[in-house]
There are 4 protein chains.
Amino acid sequence: MEIAVERFAKYGYQNTKISDIVNDAGVAQGTFYWYFKSKEAIALEIIESGREALLTVIQRGYRTEAGSVQEMVQGSGRLLADIFRFAQEHRYFMELLLTGNGEEEAIRNAFRETRIEMEKSFRRNIERAVELGMLPKSTDIHIRAALLMSLIEGIIARWLFGPSPAESNLAELTVDELAAEAVHFEFFGLLGI
Amino acid sequence: MEIAVERFAKYGYQNTKISDIVNDAGVAQGTFYWYFKSKEAIALEIIESGREALLTVIQRGYRTEAGSVQEMVQGSGRLLADIFRFAQEHRYFMELLLTGNGEEEAIRNAFRETRIEMEKSFRRNIERAVELGMLPKSTDIHIRAALLMSLIEGIIARWLFGPSPAESNLAELTVDELAAEAVHFEFFGLLGI
Amino acid sequence: MEIAVERFAKYGYQNTKISDIVNDAGVAQGTFYWYFKSKEAIALEIIESGREALLTVIQRGYRTEAGSVQEMVQGSGRLLADIFRFAQEHRYFMELLLTGNGEEEAIRNAFRETRIEMEKSFRRNIERAVELGMLPKSTDIHIRAALLMSLIEGIIARWLFGPSPAESNLAELTVDELAAEAVHFEFFGLLGI
Amino acid sequence: MEIAVERFAKYGYQNTKISDIVNDAGVAQGTFYWYFKSKEAIALEIIESGREALLTVIQRGYRTEAGSVQEMVQGSGRLLADIFRFAQEHRYFMELLLTGNGEEEAIRNAFRETRIEMEKSFRRNIERAVELGMLPKSTDIHIRAALLMSLIEGIIARWLFGPSPAESNLAELTVDELAAEAVHFEFFGLLGI
DNA sequence: CATGAATGAGCCTTCATTCAT
DNA sequence: AATGAATGAAGGCTCATTCAT
């Protein structure tokens, strides 16, 4: 599965042949089919196991009780850092999740579901913060979750697998620096002090 | 090309057969090869023409002279609205640009280049605003451009082609409402008034 | 189709590769799939066209009006001779029809249906002869049709494609001699004069 | 072997996987190869053991001394009934013997040999009856044996495994009824009283 | 310009057989 | 005797591309 997820991410699902995977793995072609029903099956297994791990990380970051604005920003920073760290450790899965789109229907849907669940988690988090009086009630929560999710997806994508303008040093930031930048933008925008 | 871009976006580049395209177009298979050298060639042409149109829109929104914060926010809102409108009118191209990843090397690169150029445009815009004293100098400009680009990409993707949580009403927003939300977040973040 | 039916009969459906067929035909593998949807499809087409031709022959031999026993025997002899001649001219189709059994469900069924229709034709013929008072009413018509059909199938199989005891000269009989023997047995059995 | 013969008959030799057989048998795949050298080997063993049992039955029915026509008919009826009973008790073997044709060369030949031997037995029986003056000398003995064998094969095939016209009640006949019908046709044909 | 038949390399999957334990 | 994981050759089918007309 590790070999497969890497090749899927690097070259695309369709451009990855079973023979590539088994050659890398040093086993025979038939062996693949002893462990996986089909090419699609291994992709779905990859997604499923990645999905679980990712959602676990996000759910650990849930806000539960009220606090100061500073505490909220810190908490959000910790969550983002956790997610970024997860992305770093599962970069090929993350690349597929964030940029994959050429695959078969079933695989596309599995990725889509995962991202929807991810966004839902963020929405619940924002909802909770509004309930606790930590965030203004003003705007639609769906939109705020969508904006936040966009931020995270985009920043991870640029940080880990480009594309980024050649001169950018984004790729060299540490997890914590990145989280600090993102969380600052998240709460204060471009104008924030 | 219109038929091709739609199918590429809906089903993926690899899942689109030349025979699909020509059937839809009502011509014979051979005719395709009179107009395009290959499958890859039509994809690259699609990207090239989309790239030009998109960059034209963005460059029209360039900030040239200093102004108040309010003017800056308004200008940014107009630019976002223009981009969103372009996305609406070229939704299949935009879908490929923002979510495509399963394709061949050359095509992937062409999309990547386009997005890099797009991000460069935004960076120049921010740079100019800093020079004119309209934005604080504090943060790295590359990061701010990346954050802004992430925002725009994510919001368009959710607005036009999902995935979005089923209950979200994002898809029903008008161009101007969407631009207002995005620009507010861009400058003030979640905490902005 | 001619090449395919021959190979199917000689070596079996499953032992016949598409590559065998196209090599014999002197075309490329892909060309096969321009004319036939699949390996199964060509088999079904072979059966369908053989079925029509065979049933046409049988239906031409229908008894319509009463006559003497001798005329009945002669008519039956003519019908058998026609069938034998058909078998001779379509020996590979006939071999598949009479002995084929290792194929896929759909193909097996198509052959089965053809043989059922064939037997039905004979039954109608016998029924008619009973109505016209040319044959005794005594026995069950289904059984008589089954016995008759068995006779014809078995005799064709032995005549054209064995197995037959090596010393048998069955294979050397002409159509008319064979028909004479069969029709004699049909009406008079082993004891008949 | 019982499991194998059933699957071979029901689905065909080639459509039966070793894994099907061992799953049904509740043993591991490797175990199969401790008992049988190969897939072909088990088929040949099945044929060999069936062949012996079948020929034993037929040889028990041999005519040895002269008698009246009625005695001859009765003897023939007993033999047919024995064969039909055997077929009933070994229906899967019989199905393969009578209808199998898609298999590998060696297996096809083994079945062919068995049927040839079977037909030889009948021929010897008829020869003996002619020598004893119980049957007319007129016709070629090979042909009469072929006709008789055809009758038996066809009737068993229809009785036990179709195909038969849906309305036929052939399948519901008892062994003795079937033998009576067949033997009557054998000696007297359609016109026999 | 247009047609559509022909090409053939390539890939996923199956399954009989082997083998270390 | 028995297991079951591993093997790898083989084959049906797809589809981008070519080409004669």
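Residue numbers begin at 1 in each chain, while the letters A, B, ... track the order of the sequences. For clarity, every value in this text was computed on a predicted model and none was experimentally measured.
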Task: Intra- and interstrand pairs of DNA chain E - dot-bracket, Watson-Crick/G-U under 3.5 Å, | marks other strand - done: .||||||||||||||||||||

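Atoms CZ and CG, on A:Phe111 and A:Leu98 in that order, are 9.5 Å from each other to the nearest 0.5 Å. The CD1 atom of D:Ile46 sits 5.0 Å away from the CZ atom of D:Phe8 when rounded to the nearest 0.5 Å.
Looking at B:Asp20, its side chain does come within 3.5 Å of a backbone N or O of B:Lys17 through a donor-acceptor pair. Side chain of B:Arg7 to main chain of B:Ile18: no donor-acceptor pair is present (N/O by atom type, distance under 3.5 Å, no hydrogens or angles).
Inter-residue side-chain proximity for B:Val5 and B:His90 is flagged as unmet; no heavy-atom pair is nearer than 4.5 Å.
For C:Glu104 and F:dG12, the CD to C1' distance is 11 Å, given to the nearest whole Å. In this structure, the CD1 atom of C:Ile42 is 12 Å from the P atom of F:dG12, given to the nearest Å. The nearest whole Å value for the distance from the CZ atom in B:Phe36 to the P atom in F:dT18 is 16 Å.
Ring planes of C:Phe36 and C:Phe32: tilted class, angle from 30 to 60°.
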Identify all pairs in which a protein N or O lies below 3.5 Å from an N or O of nucleotides 13-16 of chain E, and state each distance.
residue: E:dT13; atom: OP2; partner: A:Tyr33; partner atom: OH; Å: 2.9
residue: E:dT13; atom: OP2; partner: A:Lys39; partner atom: N; Å: 3.1
residue: E:dT13; atom: O4; partner: A:Gln29; partner atom: NE2; Å: 3.4
residue: E:dC15; atom: OP2; partner: D:Lys17; partner atom: NZ; Å: 3.0
residue: E:dA16; atom: OP1; partner: D:Lys39; partner atom: NZ; Å: 3.1
residue: E:dA16; atom: OP2; partner: D:Ile18; partner atom: N; Å: 2.8

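Nucleic acid contact class of B:Tyr35 (heavy atoms, under 4.0 Å, all strands): sugar-phosphate only.
Proximity note for B:Ala28 (side chain, C-beta onward) versus E:dT3, F:dT3, F:dG8: the nearest is E:dT3.
A salt bridge links A:Arg91 with A:Glu95; the closest basic N to acidic carboxylate O contact falls under 4.0 Å.
The side chain to side chain donor-acceptor pair (under 3.5 Å) analysis of residues 27-55 of chain B, with sequence neighbours excluded, yields the pairs B:Glu48-B:Arg51, B:Arg51-B:Glu117.
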